[in-house]
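Read through the structure below, which is laid out as structure tokens, and then see the notes.
These numbers come from a predicted model, not from an experiment. Every heavy atom of this structure was used, including side-chain atoms; hydrogens, water molecules and symmetry mates were not.
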Amino acid sequence: LEMYPDTVTSGLDPWHHYVMHGKNEGRDSAVIRELAFLTCPTNQRKNKFLLISRYWVNEGVPIWRVQFLKEYLEKHLAVEACIEYRQALSTMFIKNIQECRCVIFSRPENDAFFELVYKYCHNNHIKFYIDVDDLLLPDYASFELGGVKSKQACISARELSDQYRMSRVQQCLPFAMADGLICSTDSLAGLYSKYLKVVTHTHHNLISRAIFNGISEQIKQYKDSQNQILEKDDAFRLHFLVADGACTHLYDLSTVLMELIVFLKRNPDIQLTLLGMNLTNSGFLKKNLGKQLRVIPRVSYSEMLYIYSINDLLIVPLDLNVFNECKSNIKFIEAAVVGKPCLVRDIYEFSKDITDGESGLLYKDPADFTKKLEWISENSDKLKGLGNAAHEYVSKNLTIDYKDQADLDFFASLLKE
């Protein structure tokens with residue numbers, strides 16, 4: 001700030017300004033030079049983790065992978081775990097990194113901040129782990145060794161071949177430099193272990209008891225705080241929801257799109273809501289379904305859970321590809337916490353927790369998808385029971401109360417010198 005007064009007048013966070021603009025302009029960073037030469041005496045370290053996320057606290061990743069991990073470690077290992085959500089070098093951040101024994105970086109980006117953190121950890125023998133809950137995405141191509149590369153546009157999982165993905169991952173800076181990877185599924189850990197020959201550990205998505213018990217109140221507070229909020233349309237007998245994220249899931253809905261349209265046209269008293277970023281099919285669906293279709297762009301996490309709560313069923317259509325087979329069952333958990341069932345492709349990460357016809361519904365192919373939709377239409381009174389069973393299952397098996405000794409032993413080993 002002393003060196004560059006224009007940063008002061010801009011009002012931007014100085015570290016954000018440096019990462020986004022200043023580094024490319026050739027500006028100097030006193031903080032980087034200082035931290036690069038700071039030593040970290042071993043005798044000052046504590047039984048402490050530093051968890052870093054490039055996402056904000058109210059987004060999905062911090063809730064499921066970062067915030068939860070903090071609660072998990074503090075509850076079961078009785079250790080301190082600090083979180084840094086912003087990519088900023090504060091005095092407190094430097095203090096935290098010097099005191100910890102292990103840094104766990106969730107979904108990093110290859111920028112000056114990441115480069116600084118991993119180099120500092122390696123130079124000072126602080127364990128450095130990457131937390132990842134997806135196969136390598138196209139935007140991770142920016143992690144090529146030798147410097148920051150421009151990001152590629154995110155494409156679908158179908159268009160991203162396994163050979164391309166794994167050739168990229170071997171050049172991926174955080175994966176190459178990390179002491180190990182923490183993954184959300186066994187399939188994911190197996191692939192990374194096979195191709196990278198690095199230590200991998202599976203830490204499944206769970207939910208804290210406090211969050212689980214507080215969902216109903218969170219939804220109520222969200223609803224009470226809004227002047228104009230989306231309401232359930234009582235003109236329809238049933239309400240189906242399809243919710244997805246980035247373009248990697250672009251083709252998922254298309255695998256059962258025609259079956260869904262035919263079914264809905266035969267059942268005009270059922271409404272479909274599309275929620276998320278992949279609205280490519282919305283124009284075609286609107287032309288065929290009219291008022292039966294409701295389209296909602298990406299929303300906040302609280303609003304997403306509210307939208308789950310006003311629908312009767314979450315449909316999770318998945319294309320059969322390696323990317324989806326390595327995905328976690330997070331959609332099942334999200335729906336279950338608000339007492340709603342899923343209709344989902346019969347993929348192991350879902351079928352290991354969903355008992356078909358008891359705590360949800362699984363389909364094997366498009367024809368089976370149609371059969372399940374017809375069963376739902378004829379047995380709509382059973383959806384509430386399916387949702388309650390899913391809710392009970394998550395409460396018993398997928399909360400922070402569940403303890404896996406191998407999981408605890410792994411994190412305890414990260415605290416050793």
Side-chain angles (χ1 to χ4, degrees), residues 60 64 133 184-187 204-207 211-213 215-216 219 232 237-245 249 252-253 255-257 259-260 263-264 267 270-276 304-320 324-399 401-402:
W64 295 107
D133 64 341
S184 58
T185 70
D186 293 331
S187 301
H204 295 287
N205 285 328
L206 303 174
I207 181 171
I211 292 177
F212 182 86
N213 292 340
I215 289 293
S216 296
I219 291 174
K232 190 171 185 176
R237 176 173 64 96
L238 287 173
H239 300 81
F240 294 168
L241 173 68
V242 175
D244 58 22
H249 295 288
D252 289 343
L253 181 56
T255 60
V256 291
L257 186 64
E259 288 78 8
L260 187 58
F263 170 79
L264 289 172
N267 295 271
I270 299 177
Q271 185 181 51
L272 175 68
T273 297
L274 291 184
L275 169 64
M304 182 194 77
L305 291 176
Y306 167 74
I307 293 172
Y308 276 32
S309 72
I310 63 172
N311 283 275
D312 302 299
L313 176 76
L314 175 66
I315 298 176
V316 187
L318 295 172
D319 189 13
L320 286 182
N324 282 338
E325 289 172 351
C326 289
K327 288 287 289 183
S328 71
N329 63 349
I330 192 66
K331 290 299 177 189
F332 164 68
I333 299 175
E334 289 173 345
V337 296
V338 296
K340 302 299 177 178
C342 288
L343 169 60
V344 61
R345 189 75 177 252
D346 190 353
I347 289 177
Y348 173 72
E349 290 302 330
F350 286 89
S351 61
K352 69 181 177 62
D353 291 309
I354 297 175
T355 301
D356 189 32
E358 294 183 17
S359 56
L361 297 165
L362 302 168
Y363 73 92
K364 298 184 181 300
D365 51 40
D368 193 30
F369 179 76
T370 298
K371 290 180 181 177
K372 291 296 169 65
L373 288 178
E374 291 172 349
W375 183 91
I376 290 167
S377 179
E378 296 169 2
N379 298 273
S380 58
D381 57 317
K382 296 182 179 180
L383 287 178
K384 186 174 181 179
L386 293 177
N388 290 339
H391 186 84
E392 184 67 21
Y393 178 88
V394 170
S395 178
K396 288 182 177 179
N397 302 283
L398 299 179
T399 69
D401 298 335
Y402 175 78

In this structure, CD of Glu349 is separated from CZ of Phe332 (nearest 0.5 Å) by 12.5 Å

- For Leu320 and Arg345, what are the C-alpha separation, side-chain angles and deciding distance, and is it a side-chain contact (heavy atoms from CB on, under 4.5 Å)? CA-CA 9 Å; Leu320 286 182; Arg345 189 75 177 252; 3.2 Å; yes

Taking the side chain as every heavy atom from C-beta outward, state whether Leu398 and Asn205 have any atom pair closer than 4.5 Å.
no

When every non-hydrogen atom of Lys352 is compared with those of Tyr393, the smallest separation belongs to O-OH, 3.9 Å

So CZ of Phe350 and NZ of Lys331: to nearest 0.5 Å the spacing works out to 9.0 Å

Rounding to 0.5 Å, atoms CG (Asp368) and CG (Asp346) come to a distance of 8.5 Å

With a 4.5 Å heavy-atom cut-off, do Ser377 and Phe263 have their side chains touching? yes

* Asked: Is there a side-chain contact between Ile354 and Leu362 (heavy atoms, below 4.5 Å)?
  -> yes

Heavy atoms of Ser380 and Arg237 approach each other most closely as OG-NH1, 3.5 Å

- Determine, stepwise, if the pair Glu374 / Lys371 fulfils salt bridge (Lys or Arg N to Asp or Glu O under 4.0 Å). CA-CA 5 Å; Glu374 291 172 349; Lys371 290 180 181 177; over 6 Å; no

Between His204 and Asp186, is any pair of side-chain heavy atoms under 4.5 Å apart? yes

Here the pair of heavy atoms bringing Pro341 nearest to Leu313 is O-CD1, 3.6 Å

Crowding at NZ, Lys384 (>12 non-hydrogen neighbours, <6.0 Å):
no

Quick one: does Leu343's side chain get under 4.5 Å of Tyr363's, heavy atoms only? yes

Between Val256 and Pro366, the two heavy atoms sitting closest are CG1-CA, 4.3 Å

| query | Using a distance-only test with no angle check, is there a side-chain donor-acceptor pair under 3.5 angstrom linking Asp252 and Asn324? | reply | yes

(request) Answer yes or no: is there an ion pair linking Lys364 with Asp356, defined by an N-O contact shorter than 4.0 Å? (result) no

OG1 (Thr399) and CD1 (Ile211) are apart, to the nearest 0.5 Å, by 11.5 Å

Note: Leu386 and Gly357 closest approach over all heavy atoms is CD2-O, 3.4 Å

Legend entry - Close side-chain approach of Ser328 to Asp133, heavy-atom, < 4.5 Å: no

Here the gap from Asn388 atom CG to Leu383 atom CG, rounded to the nearest 0.5 Å, amounts to 11.0 Å

_With a 4.5 Å cut-off on side-chain heavy atoms, are Lys340 and Leu314 touching?_
no

One should read off an interatomic distance between Phe240 CZ and Leu373 CG, to the nearest 0.5 angstrom, of 6.0 Å

Evaluate Asp353 against Asn397 for side-chain contact (heavy atoms from CB on, under 4.5 Å), listing each step before the verdict. CA-CA 9 Å; Asp353 291 309; Asn397 302 283; 5.8 Å; no

Would you check if Tyr308 and Val337 make a side-chain contact, meaning some heavy-atom pair closer than 4.5 Å? no

Looking only at heavy atoms, the pair that brings Thr255 and Leu318 closest together is OG1-O, 4.3 Å

Discussion item. Given 3.5 Å as the limit, does a donor-acceptor pair link the side chain of Thr185 with the main chain of Cys326, or not?
Written reply: yes

